[in-house]
2 protein chains.
Amino acid sequence: MAHKKKNEANDIQGTGYLSNIAFDSVVFGFSGAKLKILLMEYHNTGFFALPGGFVKREENLNDAVRRGLKERTGLDHIYLEQCYVFGDTTRHKPEILKTILEANGHTVTDSHWLLDRFISVTYYALINYANVVPTPDALSDSCTWYDLDSLPELILDHHDIVNKALQTLRANIDQKLVGMNLLPAQFTMRELQNVYEAILGEQLRRTSFQRKILGLDLLKRHEKHYSGKAHKAPYLYSFKK
Amino acid sequence: MAHKKKNEANDIQGTGYLSNIAFDSVVFGFSGAKLKILLMEYHNTGFFALPGGFVKREENLNDAVRRGLKERTGLDHIYLEQCYVFGDTTRHKPEILKTILEANGHTVTDSHWLLDRFISVTYYALINYANVVPTPDALSDSCTWYDLDSLPELILDHHDIVNKALQTLRANIDQKLVGMNLLPAQFTMRELQNVYEAILGEQLRRTSFQRKILGLDLLKRHEKHYSGKAHKAPYLYSFKK
DNA sequence: TATTATTGTCTCATTGTGAGACAATAATAA
DNA sequence: TTATTATTGTCTCACAATGAGACAATAATA
């Protein structure tokens, strides 16, 4: 529901954007063996929400989402997948948006376009945690990482959206190259396994995992990585091509 | 893009529906060992399209789709899955809608709400072919079954929508109980295998298929079915519970 | 009564995965 | 220098899932 600062004419009439359509993104990052997502905190409200936005009249839906993610993370060419469309009437809670806008010093009439009902197209994104510079928008005073397993209360149905995103990510984990997008260019087998375990929420068997991944013939092996720990140094790998 | 007949005030202003949001459904049926889908043919245009519609202001998105399907098929409680949202600007072709409306005797101004850009939320539905009474809407003079492998030309990106629906159905075939929704209450193992083969577009090994399906422990076996053919009669099965 | 097509159920080989054994080694402790 | 510790890379063995085919059991027909 986060949106770009616009002039007041657009704000009131909403002419710059398609009506009734919003998008929300679950941006997954990986750090310290944990999955994290980006959340916005709206100024003076204690409300947390997923980063999102609206679609310009002359803009592709997917491009709108990329534009939103670029603003929040600074990144181009983000890995993105559609999850689901949330379109129940119960998600229409104009008082929440009103609170957010008023807490930011806007005076809002009941016909303000942001108070209308929105259907939300949701996405998940996979990004390399280290490359991101989380950036709040005009209505929020923070945009930061939260551990997936200790999220704050979220507005509207954003918890459902997070769950659906995680579910979709899990279902895709073996088709799409998940690790490639969440890890730096080079990584150890243990780090890749940590990503899979964080996503699936369960421990995997080290030997079977290694055998399976190497069997896919997708990894290139590099020199060893000396961590300074008292044990055999693991190889570094990268995804081929 | 098919829509319900409405009074002219609503037609012009589109106040009864959410703006810029449409849905389209790929309705799969199974007959003669072939997958079929329902298509509408618009009056006097030669245009073919998927059945679809728009979301009322006080209506859940999913309920809108069910309402549309009820109108086209006469069926309630249809098995339904979301596929994908098509939201590119290139799918906005107002001249096509204009042609359709004018061919139906409507006079259309350039600001007619149906000529606006629409994002389409797409679904696939699985129904029991025999139970359906395909029913055209106000703008179309037919709503009929077409073999999936010999579809006519479709308007806009509806071919992409069909492909995406088939792709999603294939991906779901082992999770969701596909056969239950496409077959009558009782069926032979061969018929169930035909459904899977039609969906996957490939031949399956009879013995492995039978072993796998029976291993799921989802089927109840009934009496034999004497087809009149010169060979051993197969058992009939139904899905448990 | 023999023939034909199809079904239900085997067996055997191959592949994929779970579970664990074990040697190799990078740093630390003695 | 040598033993200790934790972790890695690679085995082996057991078991489950699947591919491929064999074969007897039958409904109707010739």
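Note that these values count all heavy atoms, side chains included, but never hydrogens, waters or copies made by symmetry. In what follows, chains are A, B, ... by sequence order, proteins preceding strands, each numbered from 1.
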Can you list the steps and then say if B:Ser140 with B:His43 is a side-chain hydrogen bond (donor to acceptor under 3.5 Å, both in side chains)?
CA-CA 5 Å; B:Ser140 54; B:His43 195 54; over 6 Å; no

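Shown for residues 215-232 of chain A: residues whose heavy atoms fall under 4.0 angstrom of DNA chain C, namely A:Lys224, A:Tyr226, A:Gly228, A:Lys229, A:Ala230, A:His231, A:Lys232. Of the residues in residues 186-207 of chain A, A:Arg205, A:Thr207 come within less than 4.0 Å of DNA chain C through at least one heavy atom, sorted by number.
Comment: B:Lys240 engages B:Asp217 in a salt bridge, judged by a side-chain N to carboxylate O separation of less than 4.0 angstrom.
Taking the 5' to 3' direction, DNA chain C first and last meets chain B under 4.0 angstrom from a heavy atom at C:dT4 to C:dT11.
The salt bridge (charged side-chain N to carboxylate O under 4.0 Å, His left out) analysis of residues 140-156 of chain A, with sequence neighbours excluded, yields the pairs A:Lys34-A:Asp147, A:Lys34-A:Asp149, A:Lys36-A:Asp147. Among residues at least two apart or in separate chains, there is no salt bridge (charged side-chain N to carboxylate O under 4.0 Å, His left out) pair with a member in residues 224-234 of chain B. Note on residues 177-194 of chain A: pairs passing salt bridge (charged side-chain N to carboxylate O under 4.0 Å, His left out), not counting sequence neighbours, are A:Arg190-A:Glu197.
Applying the salt bridge (charged side-chain N to carboxylate O under 4.0 Å, His left out) criterion to A:Glu59, with sequence neighbours excluded, gives A:Arg67. Annotation: ring-ring contact (aromatic ring centres under 6.0 Å, His included) contacts of B:Tyr79 (sequence neighbours excluded): none. Applying the ring-ring contact (aromatic ring centres under 6.0 Å, His included) rule to B:Phe48 yields the partners B:Tyr146; only residues at least two apart in sequence or on another chain are considered. Under the ring-ring contact (aromatic ring centres under 6.0 Å, His included) criterion, A:Phe86 pairs with A:Tyr84, sequence neighbours left out.
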Table please: side-chain donor-acceptor pairs of residues 164-175 of chain B below 3.5 Å, with sequence neighbours left out.
| from | atom 1 | to | atom 2 | distance (Å) |
| --- | --- | --- | --- | --- |
| B:Thr168 | OG1 | B:Lys164 | O | 2.7 |
| B:Arg170 | NE | B:Ile199 | O | 2.6 |
| B:Arg170 | NH2 | B:Ile199 | O | 3.3 |
| B:Asn172 | ND2 | B:Tyr124 | OH | 3.0 |
| B:Asn172 | ND2 | B:Thr168 | O | 3.4 |

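In this model, the phosphate group of D:dT18 is not approached by any side-chain N or O of B:Ser208 to a distance below 4.0 Å at OP1 or OP2.
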Canonical and wobble pairing (Watson-Crick, G-U, under 3.5 Å) of DNA chain D, dot-bracket with |
||||||||||||||||||||||||||||||

